[in-house]
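First up is the structure itself, then whatever we jot down about it.
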Amino acid sequence: MKKKREDIRNIAIIAHVDHGKTTLVDQLLKQSGVFRQNQEVAERVMDSNDIERERGITILSKNTAVYYKDTKINIIDTPGHADFGGEVERVLKMVNGVVLVVDAYEGSMPQTKFVLRKALELDLPVIVCINKIDRPEARPDEVIDEVLELFMDLDASDEQLDCPFVYASAKNGYAMLNLDDEPKDMTPLFETIVNYIPAPEGDPDADTQVLISTIDYNEYVGRIGVGKVDNGTIKVNQDLLLVNHHDESKHQRVKISKLYEFDGLNKVEVSEATIGSIVAISGIADIHIGDTLTSPENPVAIPFQKISEPTISMNFMVNDSPLAGQEGKYVTSRHLRDRLFKELNTDVSLRVEETETTECYKVSGRGELHLSVLIENMRREGFEFAVSKAEVLYHTDERGKLLEPMELAYVDVPEEFSGTVIQKLSSRKGELQGMSATNNGGYTRLEFSIPARGLIGYRGEFMTDTKGNGILNTTFDGYAPYKGDIQYRKQGSLIAYEAGETITYGLYNAQERGTLFVGPGEKVYGGMIIGQTGKAEDIEVNVCKKKQLTNTRSSSADDALRLVPPKILSLEQALEFIDTDELLEITPKNLRIRKRILDPTLRYRSKKNGK
């Protein structure tokens with residue numbers, strides 16, 4: 001018989017990137033007494049790894065639990081970036097309701113729509129939290145209308161439309177049910193969660209069923225499965241069967257060696273857990289997302305949606321440049337292979353395939369940001385390798401026609417730049433679907449349907465074209481017939497002619513040809529790209545050239561040469577810049593762009609044969 005477990009609530013916090021989810025979780029943790037009075041707490045305490053902290057984004061969904069009066073509230077903080085949408089889709093299976101956070105100024109954005117659609121499809125009740133109401137330009141009433149319109153667009157039921165609204169300023173630590181209430185603390189939000197989100201249901205006396213929705217990885221205990229107990233009870237040392245909804249052949253008997261529940265930011269060991277509890281399970285080596293742990297007598301798998309497929313791929317290869325092996329700690333193909341396959345333990349949206357050679361691996365992900373975060377992590381760990389330009393993954397239909405992934409791009413730009421943006425996106429095979437004025441002064445919203453490959457390498461250009469004022473958001477929009485060739489880059493590269501160290505005199509002569517990426521005293525090699533030209537073709541330059549001294553010229557006459565400061569590319573900019581015949585060499589200390597074929601004669605020959 002099904003029972004409700006009134007002392008537990010399971011919720012996920014969902015929103016568009018930068019609308020304040022993680023800061024909101026911070027306040028719920030602080031105000032529920034998880035931390036001691038005098039304990040020092042980092043801001044955005046849930047963003048635990050370095051890259052999340054630096055970029056201010058959440059990449060991995062994380063579990064925590066707080067107590068309000070007698071109720072335990074399990075909270076899952078999810079990412080807001082479209083590239084990490086795979087994380088959001090699957091954690092919603094663990095919860096009984098969601099808190100949708102919307103910025104009181106920006107209103108509903110594309111990713112708000114994506115995460116809300118997933119929640120409504122699973123029939124989850126929604127609490128709408130209008131955050132950042134302390135912003136001077138906040139417009140909470142208009143934003144509520146926008147959110148209700150979004151609910152209607154997504155065919156929400158009457159119960160879902162009748163959802164509670166809470167106004168909050170996560171940064172200042174208060175929530176209110178009405179705008180004219182006096183701001184105190186987060187109690188109104190806690191109350192709304194306990195009163196509105198249903199308690200988890202299940203049959204405590206039935207056979208055990210636990211659906212694994214997230215995988216954690218720990219060097220000491222290996223894979224840890226995190227999921228919700230749907231039915232029955234799970235105990236330490238219990239013999240269970242591991243079943244997969246999509247692959248019935250994968251039945252295997254397993255034993256639970258350790259069981260944990262969440263409390264604050266820690267995992268607490270428990271001996272058993274019953275319906276509604278979110279638990280972490282260790283001791284099963286071959287556990288995957290979407291698996292169900294069931295009792296051997298009655299093995300029934302819980303249905304689980306397929307994780308969205310990757311749309312973009314890159315080749316990761318062993319670095320073979322003349323400067324290879326000088327800066328990295330891990331440089332061989334074995335190191336590279338082990339690291340990439342280890343990443344699959346925790347990242348379900350990633351695919352790693354072996355190629356014809358052992359030196360190169362094809363890595364596919366959800367978008368450029370997804371792959372660049374992996375590259376940045378590996379770089380910090382001491383890996384040295386090279387990557388190729390990102391390419392989209394094509395499909396073919398029954399008739400053998402080529403299909404490519406499409407994106408819906410929502411662009412908010414000041415009016416004066418809209419012409420440039422329309423022209424640039426149209427040249428990349430984008431089709432304008434709609435154009436409207438937004439509520440936030442002087443901005444125009446453009447909606448484009450564009451091939452995913454048309455957006456590769458565009459973001460940097462977009463920022464330049466809009467003088468940093470544009471906002472570009474994209475969501476995946478299925479596959480459509482191939483739209484034709486796109487020319488990515490209009491400018492050629494400046495290529496170093498020989499190996500050596502750059503010298504001011506050589507750089508001075510080269511800077512007239514274009515924008516330089518290197519300064520004086522840097523190591524270069526023949527075939528390395530040291531800048532960008534203004535023209536369409538590549539130019540070779542000698543930046544290691546010294547000035548010949550004659551008996552009438554003194555060596556100090558060199559001092560008057562003035563160099564323009566070089567343009568230093570970040571990892572994302574470098575990945576956007578490289579063309580199909582180029583590679584990006586990545587070491588813990590440097591990023592170098594190079595031609596795939598370093599020798600100029602061979603390069604010329606292959607270009608000629610290619611044509």
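In this chain, numbering begins with 1 at the start of the sequence shown.
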* Glu146/Arg139 under side-chain contact (heavy atoms from CB on, under 4.5 Å): CA gap, chis, key distance, verdict -> CA-CA 11 Å; Glu146 281 178 30; Arg139 44 187 194 94; 3.0 Å; yes
* Straight-line distance of Arg453 CZ to Met406 CE, nearest 0.5 Å -> 9.0 Å
* Please answer whether the main-chain N or O of Gly325 pairs with a side-chain N or O of Glu384 as donor and acceptor at a distance below 3.5 Å. => yes
* Check whether any side-chain heavy atom of Gln326 lies under 4.5 Å from a side-chain heavy atom of Lys523, and answer yes or no. => yes
* List the steps, then state whether side-chain contact (heavy atoms from CB on, under 4.5 Å) holds for Arg513 with Val541. => CA-CA 9 Å; Arg513 304 287 188 88; Val541 287; 4.2 Å; yes
* Asked: Between the side chain of Asn319 and the main-chain N/O of Ala386, is any donor-acceptor distance below 3.5 Å?
  -> no
* To do: For the pair Ser169 (side chain) and Lys132 (backbone), establish whether a donor and an acceptor sit closer than 3.5 Å, ignoring hydrogens and angles.
  => no
* Pairwise side-chain contact, Leu575 with Met314, heavy-atom cut-off 4.5 Å (strictly under) -> yes
* To do: Please confirm whether the backbone N or O of Gly527 pairs with a side-chain atom of Lys595, one donor and one acceptor, at under 3.5 Å?
  => no
* **Sidechain-backbone polar pair: Thr587 side chain, Gly328 backbone, donor-acceptor under 3.5 Å** => no
* Asked: Between CG of Leu446 and CD of Gln433, what distance do you get to the nearest 0.5 Å?
  -> 11.5 Å
* Asked: Where the side chain of Ser321 meets the backbone of Leu323, is there a donor-acceptor pair that is under 3.5 Å apart?
  -> yes
* To do: Measure across Thr332 and Val318 and return the closest heavy-atom pair with its distance rounded to 0.1 Å.
  => C-CG2, 4.3 Å
* **Closest non-hydrogen atom pair between Leu393 and Pro405, with its separation** => O-CD, 3.4 Å
* **For Gln511, all residues meeting side chain to side chain donor-acceptor pair (under 3.5 Å), sequence neighbours excluded** => none
* Going through the distances and angles, do Ile529 and Ile578 end up as a side-chain contact (heavy atoms from CB on, under 4.5 Å)? -> CA-CA 10 Å; Ile529 291 165; Ile578 57 174; over 6 Å; no
* **Approximate separation, where rounding is to 0.5 Å, of Asn542 CG and Leu507 CG** => 10.0 Å
* In plain terms, say whether Arg592 and Glu327 are close enough for a salt bridge, that is, a side-chain N and a carboxylate O under 4.0 Å apart. => yes
* **Distance in Å, Asn315 CG paired with Ser364 OG, rounded so as to fall on 0.5 Å steps** => 9.0 Å
* Grab the two heavy atoms, one from Ser426 and one from Phe448, that are nearest each other, plus how far apart they are. => OG-CE2, 4.4 Å
* So which heavy atom on Ala104 is nearest to which on Val143, and how close? -> O-CG2, 3.4 Å
* Asked: Does the pair Arg596/Asp581 count as a salt bridge with the N-to-O cut at 4.0 Å?
  -> no
* Quick one: do Asp134 and Lys171 make a salt bridge, cutoff under 4.0 Å? -> no
* Structure fact -> Here the pair of heavy atoms bringing Leu591 nearest to Leu569 is CD1-O, 4.1 Å
* Take the angle between the ring planes of Tyr330 and Phe383 and call it parallel below 30°, perpendicular above 60°, tilted in between. => tilted
* To do: Give a yes or no on whether a salt bridge exists between Arg594 and Asp320, defined as a side-chain N under 4.0 angstrom from a carboxylate O.
  => yes
* Asked: With side chains defined as the heavy atoms from C-beta onward, is the minimum distance between Ser493 and Thr533 less than 4.5 Å?
  -> no
* To do: From the options Tyr361, Phe385, Phe341, select the one residue that forms a ring-ring contact (aromatic ring centres under 6.0 Å, His included) with Phe316.
  => Phe385
* Asked: Backbone N or O of Glu431 within a donor-acceptor pair of the Ser449 side chain at under 3.5 Å?
  -> no
* Mind checking the CG-NZ spacing from Asp579 to Lys389? Nearest 0.5 Å is all I need. => 6.0 Å
* Non-hydrogen atoms of Arg351 and Pro310 that approach each other most closely -> CG-CG, 3.5 Å
* Asked: Is it true that atom CZ of Phe462 has more than 12 heavy atoms of other residues, nucleotides or ligands lying nearer than 6.0 Å?
  -> yes
* Asked: Between Glu391 and Lys362, is the closest basic N to carboxylate O distance under 4.0 Å?
  -> no
* Asked: side-chain contact (heavy atoms from CB on, under 4.5 Å) between Asp103 and Arg135: does it pass, once the steps are laid out?
  -> CA-CA 10 Å; Asp103 187 311; Arg135 284 180 70 163; 3.0 Å; yes
* Would you indicate whether Glu540, at its atom CD, is surrounded by more than 12 heavy atoms from other residues, nucleotides or ligands within a distance under 6.0 Å? => yes
